[in-house]
Amino acid sequence: MKFEVLTIFPEIIECYIKHGVLGKALNKGIVEVKVYNLRDFTSDKHKKVDDYPYGGGAGMVMQIEPFYNAIMHLKADEKPRKLVLLSPQGRKFTQKLAQKFMEESKAMVLICGRYEGIDERVKAFVDEEVSIGDYVLSGGELAALVIIDSVVRLIPGALGDELSAVEDSFMKGFLDYPHYTRPEDFKGMKVPEVLLSGDHKKIALWRKRQALKNTLKNRPDLLKNLSPEDMRILKELC
Ligand SMILES: Nc1c(O)cccc1[N+](=O)[O-]
């Protein structure tokens with residue numbers, strides 16, 4: 001899978017992707033990330049990317065020309081790619097959308113705005129607008145990294161041998177279960193006995209109960225389409 005990122009701060013993307021699962025996936029050749037500086041697609045000597053908003057108002061707006069030039073440059077190879085604009089006005093990014101992107105897109109262009117936003121006409125050249133959450137960020141770069149990280153983790157082989165309970169639980173519609181590791185007793189804070197029992201069936205049931213309990217407490221909105229077994233466990237918790 002290939003990600004092409006349009007940004008005025010390439011170093012934000014380049015620094016993050018070297019580490020962890022993403023770094024390993026890059027080294028394995030499972031994923032490719034190319035970062036383009038929008039300033040390289042400007043036509044003035046000052047490499048200007050923004051200007052004052054028509055109609056007045058605070059802040060600056062990113063101009064369409066660098067985005068247009070960069071998108072046309074990428075499209076010159078005529079290869080299929082999904083163009084995604086990161087913006088607070090977009091549709092909500094979820095684990096299910098990450099799965100959809102991984103399954104349907106061989107290449108994604110992640111378009112990052114800054115300042116008060118970008119010229120609305122850029123949207124004529126994108127396939128969809130995506131938001132990672134209802135809060136104000138300084139730019140789309142963090143959102144682009146969230147999408148890259150969550151999509152890459154889903155690519156077969158990206159996580160190596162370790163299973164990923166987190167992806168599984170989110171895909172099944174609830175939060176993850178609690179995790180513990182050595183020491184068994186830290187200043188009197190003990191690991192739950194069941195996790196030391198070696199009884200895998202009991203451990204699996206305990207983890208499911210804890211996951212559903214956490215979800216009921218913090219994200220009841222996720223509790224849809226539960227299996228009859230999960231629903232039975234949930235009813236016991238209520
Ligand atoms: N929320 C936000 C923003 O404030 C700026 C760019 C992108 C996003 N977003 O994807 O959620």
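No hydrogens, no waters, no symmetry mates; every other heavy atom, side chains included, goes into these values. We're numbering straight along the sequence, starting at 1. Whatever order the structure lists ligands and atoms in, that order sets their numbers, starting from 1. Predicted, not measured: the structure shown is a model, and the values here were computed from it.
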Report the part of V130 (side chain from C-beta onward, or backbone N, CA, C, O) that has a heavy atom under 4.0 Å from ligand 1; answer both or neither where that applies.
backbone
Specify the protein heavy atom at minimum distance from atom 5 (C) of ligand 1: its residue, its atom name, and the distance to 0.1 Å.
P88 CD, 3.7 Å
Should you measure from each heavy atom of V136, which atoms of ligand 1 turn up under 4.0 Å away?
4 (O)
Taking the ring centre of each residue, are F67 and F125 less than 6.0 Å apart?
no
Once the angle between the rings of F93 and F101 is folded into 0 to 90°, is it parallel (under 30°), tilted (30 to 60°) or perpendicular (over 60°)?
parallel
Would you call R219 and D221 a salt bridge, using N to O less than 4.0 angstrom?
yes
Quick one: look at A143 and ligand 1, take heavy-atom pairs under 4.0 Å, and tell me if it's side chain, backbone, both or neither.
side chain
Should the proximity of S87 to ligand 1, defined as any heavy atom under 4.0 Å, be assigned to the side chain, the backbone, both, or neither?
backbone
Are the side chain of R39 and the backbone of I8 linked by a donor-acceptor contact shorter than 3.5 Å?
no
Which residue owns the protein heavy atom closest to atom 4 (O) of ligand 1, what's the atom, and how far is it?
L137 N, 2.7 Å
Need the ligand 1 atom indices (1-based, order shown) with element for anything under 4.0 Å from a heavy-atom of I132.
9 (N), 10 (O), 11 (O)
the protein heavy atom lying closest to atom 1 (N) of ligand 1 turns out to be Y135 O, 2.8 Å
Do E229 and K208 meet the salt-bridge criterion of a basic N to acidic O distance under 4.0 Å?
no
Proximal atoms of ligand 1 relative to L86 (non-hydrogen, under 4.0 Å)
6 (C), 7 (C)
Go through ligand 1 atom by atom and flag the ones less than 4.0 Å from a non-hydrogen atom of G133.
1 (N), 11 (O)
Determine whether any heavy atom of G139 lies closer than 4.0 Å to an atom of ligand 1.
yes
Between L86 and I147, which heavy-atom pair has the shortest distance, and what is it?
CD1-CD1, 3.5 Å
For the residue pair S87 and S131, what are the closest heavy atoms and their distance?
O-CB, 3.1 Å
Around atom CZ of R232, are there more than 12 heavy atoms from other residues, nucleotides or ligands closer than 6.0 Å?
yes
